[in-house]
Participant: 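Mind having a look at this structure? Questions to follow.
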There are 2 protein chains.
Amino acid sequence: MKTVTILGLGLIGGSFALALKKIGLANKIIGVDSNLQHCKEALELGIVDTLGNLKESVLVSDLVVLAIPINAIQALLPKILDYIPKDTIVMDMGSTKSGIGAIVRTHPNRKNFVATHPIAGTENSGPKAAFPELFMNKVSIICDPEESALSAVKKVRKIYQNLWTNVITMTSEAHDEHIAYVSHLSHITSFALGQTVLEIEKNEKAIFDMAGSGFESTVRLAKSSPDMWTPIFIQNRENLLNAIEAYETQIKKIKKMIEDADAETIRQYLSNTNDIRRILNK
Amino acid sequence: MKTVTILGLGLIGGSFALALKKIGLANKIIGVDSNLQHCKEALELGIVDTLGNLKESVLVSDLVVLAIPINAIQALLPKILDYIPKDTIVMDMGSTKSGIGAIVRTHPNRKNFVATHPIAGTENSGPKAAFPELFMNKVSIICDPEESALSAVKKVRKIYQNLWTNVITMTSEAHDEHIAYVSHLSHITSFALGQTVLEIEKNEKAIFDMAGSGFESTVRLAKSSPDMWTPIFIQNRENLLNAIEAYETQIKKIKKMIEDADAETIRQYLSNTNDIRRILNK
């Protein structure tokens with residue numbers, strides 16, 4: 001590709017830019033971000049070759065990548081499709097897909113758009129958190145591929161493959177339902193755990209001296225960006241509420257077993273749940 | 001020390017043995033374990049120099065280390081104190097301390113015992129999971145030091161320091177109350193998350209293809225050993241139930257905000273919880 005525009009120069013957009021550069025997939029990367037500090041950093045870190053404004057950048061690009069919070073994607077994507085050049089592809093990297101899909105479904109240039117979700121990230125954000133290997137050996141989902149031009153889907157799939165990312169396809173609806181359980185819910189459980197312990201810490205300053213690597217791992221996602229996660233929780237509200245309810249049921253079950261001091265039932269529950277090991281090692 | 005007996009050759013006991021060897025703190029390490037496979041592995045891996053039976057090993061040891069589940073510690077510790085040589089120290093490494101403390105409080109040889117909890121571990125268990133650096137830069141708690149001989153506490157503190165482990169002291173009661181929040185609760189939240197997703201997976205086989213590193217980190221502790229954790233949950237029941245209730249309150253709070261699609265309140269909650277970053281980096 002001659003020219004790629006990356007809108008959003010944080011962890012995801014920045015890492016994607018670095019990866020494209022690493023393997024020589026883009027001659028020129030233009031960065032667009034409303035956060036001027038991020039723009040400055042991205043330029044200094046060599047994440048982008050130049051900065052630009054959105055419309056001018058799109059008009060000269062072969063590929064436009066939207067790596068911004070999903071509410072911003074929803075606001076900007078229809079406008080970008082209004083003026084997108086005939087052969088330019090726009091792809092997003094948002095964590096919920098139904099809302100974005102719905103907003104452009106009937107757009108005359110819908111076929112230029114490929115909806116994707118690379119399941120990759122860390123608890124850190126901003127250009128300084130970006131690194132080119134972020135997508136390596138991760139899974140990226142392309143949603144509703146039949147609504148995009150076949151050539152556009154092929155191109156996006158090829159780019160992910162070159163980044164060593166495995167690609168699977170599914171509908172937006174299936175994506176949002178599943179991701180509520182394996183991504184959004186674990187953010188909720190981390191934030192709730194973090195807040196529970198922070199509340200206790202108000203009276204017990206020493207408590208964090210006792211926090212080990214287990215706590216740190218479980219609470220890690222509570223460091224995640226509010227700007228990114230607030231709109232995700234709201235957009236995927238229905239699926240997420242189902243997931244939270246299923247989770248509350250499990251918490252209640254464990255609580256009951258502990259109240260009853262029912263060793264055999266607890267042991268069986270923990271042992272069944274150890275099965276997660278089989279699945280994570282797949 | 002000439003001779004050290006390690007009772008329990010799993011992750012914790014095995015790692016402690018390897019660390020003592022690494023820095024030349026023990027001339028001879030005797031391993032004791034009711035699991036014959038673990039005995040065989042510990043010998044093969046060079047974790048212990050020899051195997052022994054409990055009483056004979058204690059009688060020839062300068063230090064006896066109990067790295068077994070806490071119900072087993074409670075069963076064996078009073079017996080060991082019955083026949084412990086005058087200058088031998090016995091230390092435990094259990095994750096709850098009040099129950100153990102209570103059971104030996106009035107024992108005539110209570111002073112030979114030092115109650116400790118090294119806050120170190122991984123989700124893996126058994127001798128093969130052991131490694132000498134496990135305790136490095138971790139915190140180890142010595143409980144109720146005034147109930148032990150001063151010389152014994154000094155010795156145990158010195159050993160932990162030689163393992164690069166920071167030592168703090170507190171009462172058993174304070175330990176159990178705090179550790180419910182920063183360790184036991186995070187195991188509960190992981191097990192509940194693991195079980196929630198396993199239940200969904202029964203109908204949605206593809207779901208784990210979508211699990212990323214965030215989910216993996218949050219659910220990691222659900223791989224933990226049922227034999228170790230069942231008695232911990234039961235022994236620390238009261239504190240843990242308080243912690244679970246505080247946690248349920250937070251989950252309910254978040255659920256309500258999501259139901260209300262209240263972006264500003266969600267953003268504020270997530271942003272407040274990001275404060276965990278400050279505390280974990282301390």
Side-chain angles (χ1 to χ4, degrees), chain A residues 119-120 139 168 178-179 181-183 186 188-198 200 204 207-212 214-223 226 229-230 233-234 237 240-241 244 246-248 250-251 254-255 258 261 263 266-267 270-271 273-277 279-280 282, chain B residues 119-120 139 168 178-179 181-183 186 188-198 200 204 207-212 214-223 226 229-230 233-234 237 240-241 244 246-248 250-251 254-255 258 261 263 266-267 270-271 273-277 279-280 282:
Chain A
I119 302 179
V139 166
I168 56 179
H178 298 346
I179 206 77
Y181 286 88
V182 288
S183 164
S186 54
I188 299 285
T189 67
S190 279
F191 275 107
L193 179 63
Q195 195 55 40
T196 304
V197 177
L198 283 169
I200 292 296
E204 299 292 349
I207 201 164
F208 282 104
D209 293 339
M210 298 172 69
F215 177 73
E216 199 158 338
S217 161
T218 318
V219 86
R220 180 168 73 84
L221 297 178
K223 302 176 186 172
W229 283 95
T230 302
F233 291 159
I234 291 181
R237 189 170 61 217
L240 185 52
L241 288 172
I244 294 174
Y247 178 73
E248 283 181 309
Q250 295 301 330
I251 290 281
I254 300 180
K255 202 171 127 192
I258 294 174
I266 296 174
R267 193 183 309 273
L270 304 189
S271 175
T273 313
N274 280 171
D275 195 30
I276 203 83
R277 190 183 284 271
I279 284 164
L280 290 176
K282 263 203 304 208
Chain B
I119 302 179
V139 166
I168 56 179
H178 298 344
I179 205 77
Y181 286 88
V182 287
S183 165
S186 54
I188 299 285
T189 67
S190 279
F191 274 108
L193 179 63
Q195 195 56 39
T196 304
V197 177
L198 284 170
I200 293 295
E204 299 292 349
I207 202 164
F208 282 104
D209 294 338
M210 297 172 69
F215 177 73
E216 200 157 337
S217 161
T218 318
V219 85
R220 179 168 74 83
L221 297 178
K223 302 176 187 173
W229 284 95
T230 302
F233 291 159
I234 291 180
R237 190 171 59 216
L240 185 52
L241 288 172
I244 294 175
Y247 178 73
E248 283 181 311
Q250 296 301 329
I251 290 281
I254 299 179
K255 201 171 128 193
I258 293 175
I266 296 174
R267 193 183 310 274
L270 304 189
S271 175
T273 313
N274 280 171
D275 195 30
I276 203 83
R277 189 184 284 271
I279 285 164
L280 290 176
K282 263 205 303 208

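First the proteins, then the strands, lettered A, B, ... as listed; each starts at 1.
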Participant: If you measure from CD on B/Gln195 to CG on A/Leu270, what distance do you get to the nearest 0.5 Å?
Facilitator: 9.5 Å
Participant: Rounded to the nearest 0.5 Å, what separates atom CZ in B/Phe191 from atom OG in A/Ser271?
Facilitator: 9.0 Å
Participant: Would you give the length of the straight line joining atom CG of A/Leu193 to atom CD1 of B/Ile188, rounded to the nearest 0.5 angstrom?
Facilitator: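 CD1 of B/Ile188 is found 11.5 Å from CG of A/Leu193.
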Participant: Applying side chain to side chain contact (heavy atoms under 4.5 Å, CB included), run through A/Ser217 and B/Leu221 and close with a yes or a no.
Facilitator: CA-CA 8 Å; A/Ser217 161; B/Leu221 297 178; 5.6 Å; no
Participant: I'd like to know whether B/Ile258 forms a side chain to side chain contact (heavy atoms under 4.5 Å, CB included) with A/Ile234, so could you lay out the CA-CA distance, the side-chain angles of the two residues, the decisive distance to 0.1 Å, and finally the verdict.
Facilitator: CA-CA 6 Å; B/Ile258 293 175; A/Ile234 291 181; over 6 Å; no
Participant: Within this structure, what is the CD1-OG1 distance for the pair A/Ile244 and B/Thr196, rounded to the nearest 0.5 Å?
Facilitator: 11.0 Å
Participant: Heavy-atom distances under 4.5 Å only: say whether B/Ser183 touches chain A with side chain, backbone, both or neither.
Facilitator: neither
Participant: I'd like to know if the side chain of A/Asn274 and the backbone of B/Ala222 have a donor-acceptor N/O pair within less than 3.5 Å.
Facilitator: yes
Participant: Measure B/Ala261 against the heavy atoms of chain A and call it side chain, backbone, both or neither at under 4.5 Å.
Facilitator: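 Both parts, backbone and side chain.
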Participant: Among all residues two or more places apart in sequence or in another chain, which pass the ring-ring contact (aromatic ring centres under 6.0 Å, His included) test with B/Tyr181?
Facilitator: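 Applying ring-ring contact (aromatic ring centres under 6.0 Å, His included) to B/Tyr181 gives none.
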Participant: Which bit of B/Ile168 comes within less than 4.5 Å of chain A, counting heavy atoms only: side chain, backbone, both or neither?
Facilitator: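 The side chain, not the backbone.
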Participant: Counting only heavy atoms closer than 4.5 Å, note whether B/Arg237 contacts chain A via side chain, backbone, both or neither.
Facilitator: both
Participant: Is chain A contacted by the side chain of B/Leu198, its backbone, both, or neither, given a heavy-atom distance below 4.5 Å?
Facilitator: side chain
Participant: Just by modelled atom types, is the A/Thr230 backbone N or O under 3.5 Å from a matching donor or acceptor in the B/Arg267 side chain?
Facilitator: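 Looks like no, no N/O pair under 3.5 Å.
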Participant: Determine whether B/Lys223 and A/Ile276 make a side-chain contact, defined as any pair of heavy atoms from C-beta on separated by less than 4.5 Å.
Facilitator: yes
Participant: Pick one of side chain, backbone, both or neither for B/Ile251, based on which atoms fall under 4.5 Å of a heavy atom in chain A.
Facilitator: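 Looking at B/Ile251, backbone and side chain both touch chain A.
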